[in-house]
Amino acid sequence: MHTKTSMKSLMDRFMKAPYGFVEDDVEWLVARLFKNGDIAMTVNGAAVTLLNKSEEEIIRYITKKEYVEKLLTERRQQAGIEEKKAVREVMKELFGVSSINDDDDSMMQSFQSYSSSLETELEKIEIMFNNHSFPGKKTVLTGKGLLRAIIQIQSPSEFFKKIYSDRDDFLDFAEDFEPVKAFFAGEQKKIFEDALKMMKIYDDSKTFIVDDKVEETVREIKAILKKDMPYSDIPKLPDLLSQFRDAYMAVLTQMEAPILKAIEDAKDRVFEVLNSKGYKDEVKDRYLKLFREIHDKATTCNNVATLQNVKIEADALKVRLLNEMAKKDDKVAEETEEYGENGNGQKPPAKKHKSISIKNVSLTSSWQIESAQDLDKYISELREQIM
């Protein structure tokens, strides 16, 4: 009837007439049928196999009274020729294994063992997607799903049916995973990673770059990086990256000269003021070191956006040092009595100094002048802001 029968039902039937078997007979026959693969057993709904249970556990299920109603048996459906053929085909394509035991349980055990190893490999690859937009993520996730579903199966009949029904999915994954595996095991990963870094530098700087050669090369590189299966195009990347570096460095070199001049102008302004101070020797070396650091940053950076920021840093450093000197002057003035006196015999207040960048004075980032009145308006606003 293809229904599951409890151990108790077997005992009740075969220990009575006309059979008259004793308990040992029934238990031995159940064990023999199970070992031969003629029947399948479950306990509390979970499949019992030689793969997931020890011999001692199986013997306990068959012989102990506590399992007489929990242990269910049913006629086992052996895997068909086509189902076994599907398993062998998938194992050959996916794991590179062509010779395996023909026994149902052994085939299932072997397949699941290889699947566990491959799943671990896929999980290691998956971690790399967290920090980089590497290709193959969809393939890896698909493979993990297929393997995990197989590893969780405990019933051999369910296993063979699953492989047979999903055969094409497994073969597609095996084909798609081959270049992904080669990518992470060889030089392609390093080349792709370099391309991603270069494009990150470009994206950070693209607002400042107006260069047809750079932009054309970037388009070609990004077209490869965005492909789902870029593996055949990755050999093109080294030459493209070399072209990009040359064009980008030409832009960087062109932009460097005015930045270095801005740093030098800022330094000259600071030392113009410092040279008239009595405490010049105390701070001179520190001031030179600060400007040298900014100069080195400008000459060693490989990022246009960073280079532009260096110009802002130089201006900020100039203002900071000028204000530092102003504070020092104020302190010196407070500590001395050499102010002179006004007509009332009172000491005039010391003049306070504050340096600000002209960039912080203008109310708007740009002026739109269409008439003399417009110009008068902006100059009036600027005067008020300065005051």
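For the numbers below, each heavy atom of this structure counts, side chains included, while hydrogens, waters and symmetry mates do not.
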Under 3.5 Å, side chain of [X] to main-chain N/O of [Y], donor-acceptor pair present?
| X | Y | answer |
| --- | --- | --- |
| Ser242 | Pro238 | no |
| Glu89 | Leu171 | no |
| Asn52 | Thr49 | yes |
| Ser371 | Asp374 | yes |
| Tyr61 | Lys70 | no |
| Ser116 | Gln112 | yes |
| Gln154 | Ala46 | no |
| Thr217 | Lys213 | yes |
| Ser276 | Val273 | yes |
| Ser113 | Gln109 | no |

Angle class for the [X]/[Y] ring planes (parallel below 30°, perpendicular above 60°, tilted otherwise)?
| X | Y | answer |
| --- | --- | --- |
| Tyr378 | Trp367 | parallel |
| Tyr114 | Phe95 | parallel |
| Phe134 | Phe192 | tilted |
| Phe173 | Phe177 | parallel |

Given side chains that start at C-beta, do those of [X] and [Y] come closer than 4.5 Å, heavy atoms only?
| X | Y | answer |
| --- | --- | --- |
| Leu288 | Phe271 | yes |
| Met11 | Glu27 | yes |
| Gln368 | Glu370 | yes |

Atom [atom1] of [X] and atom [atom2] of [Y]: how far apart are they, to the nearest 0.5 Å?
| X | Y | atom1 | atom2 | value |
| --- | --- | --- | --- | --- |
| Thr73 | Leu10 | OG1 | CG | 4.5 Å |
| Cys301 | Glu256 | SG | CD | 7.5 Å |
| Leu274 | Lys267 | CG | NZ | 12.0 Å |
| Glu313 | Leu290 | CD | CG | 11.5 Å |
| Asp166 | Lys161 | CG | NZ | 13.5 Å |
| Ile150 | Glu158 | CD1 | CD | 8.5 Å |

side-chain contact (heavy atoms from CB on, under 4.5 Å) evaluation trace for Leu29 with Arg32: CA-CA 5 Å; Leu29 286 167; Arg32 167 55 65 185; 5.6 Å; no
Does [X] pair with [Y] as a salt bridge, N-O distance under 4.0 Å?
| X | Y | result |
| --- | --- | --- |
| Asp265 | Lys261 | yes |
| Lys190 | Asp194 | yes |
| Glu82 | Arg167 | no |
| Lys138 | Asp228 | no |

A quick test of your reading: do over 12 heavy atoms of other residues, nucleotides or ligands sit less than 6.0 Å from NZ of Lys377? yes
